[in-house]
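Reviewing the structure listed below.
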Amino acid sequence: MQDLNLNIPDLGDVEEVEVIEICVEVGQSVEAEDSIIILETDKAAMEIPTTKSGIVKDILVNVGDMVQEGTPFVQIEFEEDKKSNVEANNKTKTQTEEIQIPAEKEDIDINENEIILAKPLIPDLGDVEEVEVIEICVEVGQNVGIDDSIMILETDKAAMEIPASVEGKVTKLNISLGDMVKAGMPFVEIESSVVVSKSLNKINENEDSISISKNEHITKQEETNNTKEQASQPLTYNNTSVHSGPATRKLAREFGINLSEVKGSGPKGRILKEDLHAFVSQRLNSKTGSGFEFSQPDIDFSKWGQVSFEKLSKFQKTASKNLHTSWINIPHVTQHDDANITDLLALRAELNKSNKTKVSPLAYIIKATVETLKLYPLMNTSLSSNLDTVVMKDYFNVGIAVDTPEGLIVPNIKNTDKKTILEISDEVFNLAKLAKERKLKVDQLKGASFTITSLSGIGGKYFTPIINPPEVGILGLSKPFDNLFLDGENIVNQKLLPISLSYDHRVINGAYAARFVTDLSKQLNEINFLRESFNGA
């Protein structure tokens, strides 16, 4: 038996986090992957597990402590690992190569008989800086193929599988369950040979993506991802060569920041998100600066009666900032109308009965909306980052706002125009289920061209949905209501659906939006089209 202190793993770009729960007691037996403590960052809670079975000898932190990467948090008496790690000696060369590659298929010229140690890197995570490892799919010593999953990551909204990207034998895992990882971090070491030259078929010319060093033996490298936050930004700066990632560029667009004015603190002058925060802070604090603040008046409400306090969740804080950013950057205008869906509901009842299925009215509305978007292509566009070009889209990926315990999540249905109403209904159900279970993949959350949000199952009439950037329109649905009208001498009951279209007035003018809403109402009454679109018959 041997005693070992476990240390806090790499926290990505977070310097310190709070211990919010201790899951074990001194003297308790633990198994590999059992949670020891739970930490909380601004974005997520993460469980820190033990890597082997043993007995807890001492707990080195308390609830409420702020800890950093490398801080010892528990002492565990482990059982000695009796597995032998026998390295093959019959390699065709005495030399080996150590290589780091992104977790995507890339090309590098390596002779067929060479043995390499490949270190795939976490790929671009889009708008997310860091994500949690929720599952490890392989073990040390296991042989893997190019597309075999090594681990599964989870963001606030989705889960994604990270493949090996190279064929060979897993020699080391650099991550554990609960670790927070970010793009560019090596997560596994794979010993490979012949297949390398065949599997890495798209070279990334970024010098930071690949590292090769020849040694007589495979060597261990200390991986340091120490990103120093830039404390300040110059008030005047001209950056002639801008280097930054997609997430940083997106944040710059949301803030309205010209990246050429930002001084980067990353490797080779790369602009990081911290640089944008410093840039905004510098402008707000300077007398000549301009910009906006997320502010709220500081009022002592207890002067008028008893009060209590409840902290916002991490998800609520993120949603608040995103909604505020959208509202202050986009000039919203909302067009309201009542769409007659009497015949649509009758058709739905008929088709549900004849096909022995249950399709919600939303699937019909999505199909009708896509047909209307084809007639009004500006509603399916985005503004370019420099705000001087409209990006026309030849695809229709409709986002559907899903109400979950954590808040609204918006996955989207890819190529909605090519799907039948029955297929749309199935996909809405599956996406909603994955959203509530927080199992959506990143691709299911990206690429929407227009969004629909529905309150029809709750109640109310009309509202102003906030646009989901970089889209220029969002359709809100409220609860249908009965409306009596006189048709000649007969009193007729209609079922009306309140619809609310919010649009970006920089791209869409009022007349265009009003025509869109009017024609959408007509599309909802194209009964023959909807009947034919039900199952593609």
Option from Pro120, Ser149, Pro123, Cys137 for which side chain to side chain contact (heavy atoms under 4.5 Å, CB included) with Ile162 holds: Pro123

If every non-hydrogen atom of Pro469 is compared with every non-hydrogen atom of Ile330, which pair is closest and at what distance? CG-CD1, 4.0 Å

Tell me whether Glu25 at atom CD has more than 12 heavy atoms from other residues, nucleotides or ligands lying less than 6.0 Å away. no

Side-chain (Thr404) to main-chain (Ala435) donor-acceptor, under 3.5 angstrom: no

Flag the pair Val262 / Leu276 as yes when at least one side-chain heavy-atom distance between them is below 4.5 Å, and no otherwise. yes

Quick one: does Asn412's side chain have a donor or acceptor within less than 3.5 Å of a partner on Lys446's backbone? yes

Under 3.5 Å donor-acceptor, Asp148 side chain and Gly145 backbone: yes

Main-chain N/O of Asn397 paired with Ser449 side-chain donor or acceptor, under 3.5 Å: yes

Pick from Ile466, Val398, Val410: which one makes a side chain to side chain contact (heavy atoms under 4.5 Å, CB included) with Thr451? Val410

Okay, side chain of Asn329, backbone of Ser326: is any donor-acceptor separation there less than 3.5 Å? no

Side chains of Ile20 and Val63: does their closest heavy-atom pair fall under 4.5 Å? no

Apply side-chain hydrogen bond (donor to acceptor under 3.5 Å, both in side chains) to residues Asp275 and Ser265 and explain how you reach the verdict. CA-CA 7 Å; Asp275 300 324; Ser265 63; 2.7 Å; yes

Can you confirm whether Ile413 sits close enough to Ile400 that some side-chain heavy atom of one is under 4.5 Å from a side-chain heavy atom of the other? yes

Say whether Glu31 and Ser53, considering side chains only, have a donor N or O and an acceptor N or O under 3.5 Å apart. yes

Testing Asn174, Val181, Ile122 one by one against Pro186 for a side chain to side chain contact (heavy atoms under 4.5 Å, CB included), which residue passes? Asn174

With a 4.5 Å limit on heavy-atom distance, are the side chains of Leu153 and Glu132 in contact? no

Can you tell if the side chain of Ile48 reaches within under 4.5 Å of the side chain of Leu39, non-hydrogen atoms only? yes

Could you check whether any side-chain N or O of Lys414 sits under 3.5 Å from a backbone N or O of Ala448, counting only pairs where one atom can act as donor and the other as acceptor? no

Is there a side-chain contact between Glu261 and Asn258 (heavy atoms, below 4.5 Å)? yes

Do Ser382 and Glu471 meet the criterion of a side-chain donor-acceptor pair at a distance under 3.5 Å? no

Sole candidate of Asp65, Val74, Ile37, Ile38 that passes side chain to side chain contact (heavy atoms under 4.5 Å, CB included) when paired with Ile22: Ile37

Nearest 0.5 Å please: distance from the CD1 atom of Ile8 over to the CD atom of Glu16. 11.5 Å

Taking the side chain from Ser176 and the backbone from Asp179, do they hold a donor-acceptor pair closer than 3.5 Å? no

Below 4.5 Å, heavy atoms only, C-beta onward: do Leu383 and Thr389 meet side chain to side chain? no

With a sphere of 6.0 Å drawn around NZ of Lys436, does it hold more than 12 non-hydrogen atoms of other residues, nucleotides or ligands? no

Decide yes or no for Ile190 and Lys169: does some side-chain heavy atom of the first lie under 4.5 Å from some side-chain heavy atom of the second? no

